[in-house]
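These figures come from a predicted structure and were not determined experimentally.
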Amino acid sequence: MAGGWTRDGAVNEQIEASISDELKRLKAQQGRARESRTHCAECEEPIPERRRAAVPGVQLCTECQQERDGGFNARGGINRRGSKDSQLK
């Protein structure tokens with residue numbers, strides 16, 4: 001696929017380079033994970049030792065984490081009109 005003034009395959013090379021850079025960044029970040037907190041960052045309740053061992057870098061107690069995880073509810077994405085405009089959100 002020609003991209004105007006670029007050579008064939010240049011767009012795919014850029015996409016692959018971006019993905020590779022992001023993977024390197026995530027792996028580097030994973031190596032320097034934050035230390036687990038002993039008390040919750042929101043409610044200051046103690047975080048059980050078993051949770052700290054299971055989830056490295058944990059910042060929230062189970063109750064606060066459940067509240068945060070349960071806050072987002074995805075809508076059903078039914079496109080009734082079939083136009084591109086109705087797909088934009």
Side-chain angles (χ1 to χ4, degrees):
M1 172 171 87
W5 297 101
T6 63
R7 69 184 192 294
D8 287 346
V11 174
N12 286 336
E13 289 174 10
Q14 181 61 42
I15 291 170
E16 289 173 7
S18 297
I19 291 170
S20 177
D21 290 345
E22 185 65 15
L23 287 174
K24 287 177 189 175
R25 187 188 69 78
L26 289 173
K27 286 180 182 178
Q29 184 181 27
Q30 192 176 31
R32 60 177 190 265
R34 293 186 291 182
E35 193 171 316
S36 295
R37 294 177 58 114
T38 58
H39 290 79
C40 180
E42 291 185 7
C43 69
E44 293 298 321
E45 289 292 318
I47 299 174
E49 179 64 36
R50 291 179 66 194
R51 176 165 169 75
R52 288 186 277 149
V55 184
V58 69
Q59 303 292 309
L60 302 173
C61 66
T62 53
E63 291 81 16
C64 290
Q65 187 67 53
Q66 286 175 347
E67 283 180 22
R68 185 174 283 186
D69 291 346
F72 176 73
N73 291 326
R75 291 183 13 212
I78 298 172
N79 181 4
R80 296 181 189 272
R81 292 190 329 200
S83 68
K84 289 183 179 180
D85 291 339
S86 66
Q87 296 174 4
L88 300 176
K89 295 183 181 181

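Contact check for E42 versus L60: side-chain heavy atoms found under the 4.5 Å cut-off. Looking at heavy atoms from C-beta onward, V58 lies in side-chain contact with I47 at the 4.5 angstrom threshold.
Between C40 and C64 the shortest heavy-atom distance is SG-SG, 3.7 Å.
Separation of atoms CD (E67) and OG1 (T62) is listed at 10.0 Å; rounding is to 0.5 Å. Residue E63 holds its CD atom at 7.5 Å from CD of E45, rounded to the nearest 0.5 Å. Put simply, SG on C61 and CZ on R37 are 11.0 Å apart, with the number rounded to the nearest 0.5 Å.
Checked by atom type and distance alone, the side chain of S18 pairs as donor or acceptor with a backbone atom of Q14 at under 3.5 Å.
Side-chain contact of Q65 with D69: a donor-acceptor pair under 3.5 Å is present, judged by distance alone.
Residues E22 and K27 are not paired through a salt bridge, judged by the lack of any N-O separation under 4.0 Å between the basic side chain and the carboxylate.
Here side chain to side chain donor-acceptor pair (under 3.5 Å) pairs that include residues 50-61, with residues two or more places apart or in two chains, are E49-R52.
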